[in-house]
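The structure appears right after this line, and notes come after that.
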Protein chains: 2
Amino acid sequence: MSVLTGGKLKLVQAALTLITESRSLTSLGLRELAREAGLNPNTFYRHFRNLDEFGLFVLGFIAQEMKSGVRELRRMAENSDQAAQETVAFVYTYFLNNPAATTIAVRELHGASPLLRRALENQLDASAREMAEDIIERQLVAGIADSTILEISRMTIRYILFRAMDYLEKPDQRLAIRRETERFINRQFRGALVEHLSPAEIAERA
Amino acid sequence: MSVLTGGKLKLVQAALTLITESRSLTSLGLRELAREAGLNPNTFYRHFRNLDEFGLFVLGFIAQEMKSGVRELRRMAENSDQAAQETVAFVYTYFLNNPAATTIAVRELHGASPLLRRALENQLDASAREMAEDIIERQLVAGIADSTILEISRMTIRYILFRAMDYLEKPDQRLAIRRETERFINRQFRGALVEHLSPAEIAERA
DNA sequence: ATCTGCCGTATACAAGTGTATACCTGATTC
DNA sequence: GAATCAGGTATACACTTGTATACGGCAGAT
């Protein structure tokens, strides 16, 4: 069964707690985890071979969480701008509700462990493909090559993740960050529509 | 004198070396540093009060390095696209030549130390303002509000830093990353020129 | 009723950590 | 010429870390 019970769950929760209190996944110690979980240090070995394995497990755990979150994302929108706005609001709300997962993702994407980095990159890429697919299927933007939509999706997801920490930590800037992200997305797609034109030509027609 | 000599310099260099070998600034140990520098552990205390102070010092050190790098950036370009291309090439070349500074910046911008994070944010913001100023002064893009240019500059700098690690670690993707970054910039500015128009209106005129 | 695994515990060890105290040496300063 | 001081060293302490070994209880299968 994939349902976590007992000590293993406690260890994972301990990791999430510690990370939210501004630590990084790779810097967690075995004894530190056990302490936070209220377990004997050696219980760790009953569930994981070493800390690397633990890190990957936690990553898989939050990846699963995230996936079920993203699946709810499919909703209706009249036009692309509205879709962008709704998606941005949704994603940032998700971050607020899952601060530990968010912090892990941001920290480890550029962290010291190549293993975790690769795993996270794949995860992000999968999300980007999903986003692109959604945009293409629902024909939210017309006249842009599929490959370009995918590229912009990737950039957007990276950018949003980049802003996620600020969003969590600076409550007074949340609205500003959302608006800014919407502008980011809108400019990318509008820019893609006219990227074969020179700025002067665009200015003429605008 | 601001010229570093002897042990202090050795310690900073040791940090840069260790970080390039995939470590993070905040995770470095005092004894580890001394070992790498070939010094007695306690020599550390002759130069720094503690590891936090050391971290800030290293950050200041690379910030200075970066500034002198960015100053060379002022060069001529016929139009904005060319300027983007040259700037992108220059910045990524800088990353290649300063892998340690780059790695530190990327890691600590989202690292566990709020102190270093704030310091780096300020540093990035200063670079963004410089970039925006340059664009405005040289009138590389016309018809975009100064505040928008600054916002796009900020986004661009964040994005480039985001891609810097990949650029360092994946030599076979360097050209692709540069091209992608150029597209990013061009779309942002072109998109900004037409962001008051709906996608349909843009499509009509393109 | 016994055996086998799983899960948790207790103790122990070698190694590494940050830091305090004290000592040494070569310049610089008065 | 003596004193001061920055920079480097040696030893020591208390503490944390990952891990190995060994032990206990409780399930389910035989």
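So that the names make sense, note that chain A is the first sequence line, chain B the second, and so on, each numbered from 1.
Across all strands, B:Y45 comes closer than 4.0 Å to base atoms (heavy-atom distances). B:R35 comes within 4.0 angstrom of sugar-phosphate atoms only, judged by non-hydrogen atoms across all strands, and of no base.
What separates CG of A:L11 from C1' of C:dT9 is a distance of 14 Å, to the nearest Å. D:dG8 atom P lies 14 Å from atom CG of B:L33, rounded to whole Å. Remark: P of D:dG7 and CZ of B:F48 are 11 Å apart, rounded to the nearest angstrom. Whole-Å rounding puts the B:N42 CG to C:dT25 P distance at 18 Å. Between the P atom of D:dA6 and the CZ atom of B:F44 lies a distance of 18 Å, rounded to the nearest Å. Note: CG (A:L30) to C1' (D:dA20) measures 13 Å, nearest angstrom. Atom pair A:R49:CZ and D:dA20:C1' shows a separation of 16 Å (rounding to whole Å applied). B:R46 places its CZ atom 13 Å from the P atom of D:dA10, with the value rounded to the nearest Å.
Taking the centre of each ring, B:Y94 and B:F90 stay at or above the 6.0 Å mark.
In terms of position along DNA chain C, the nucleotide closest to A:L39 lies nearer the 5' end than the nucleotide closest to the other residue of the pair A:R31 and A:L39.
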Under 3.5 Å, side-chain donor or acceptor atoms of residues 154-161 of chain B against the rest of the protein: list the pairs with distances, not counting sequence neighbours.
| unit_1 | atom_1 | unit_2 | atom_2 | d |
| --- | --- | --- | --- | --- |
| B:R154 | NH1 | B:D125 | OD1 | 2.6 |
| B:R154 | NH1 | B:D125 | OD2 | 3.1 |
| B:T156 | OG1 | B:I152 | O | 2.7 |
| B:Y159 | OH | B:E180 | OE2 | 2.5 |

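A close approach under 4.0 Å does not occur between any side-chain nitrogen or oxygen of B:H47 and OP1 or OP2 of D:dA6.
No N or O donor and acceptor, one from the side chain of A:N40 and one from the base of C:dT11, sit under 3.5 Å apart.
With sequence neighbours excluded, the residues satisfying ring-ring contact (aromatic ring centres under 6.0 Å, His included) with B:F95 are B:Y92.
A cation-pi arrangement, defined by a distance under 6.0 Å to the six-membered ring centre and an angle within 45 degrees of its axis, is present between A:K8 and A:F48.
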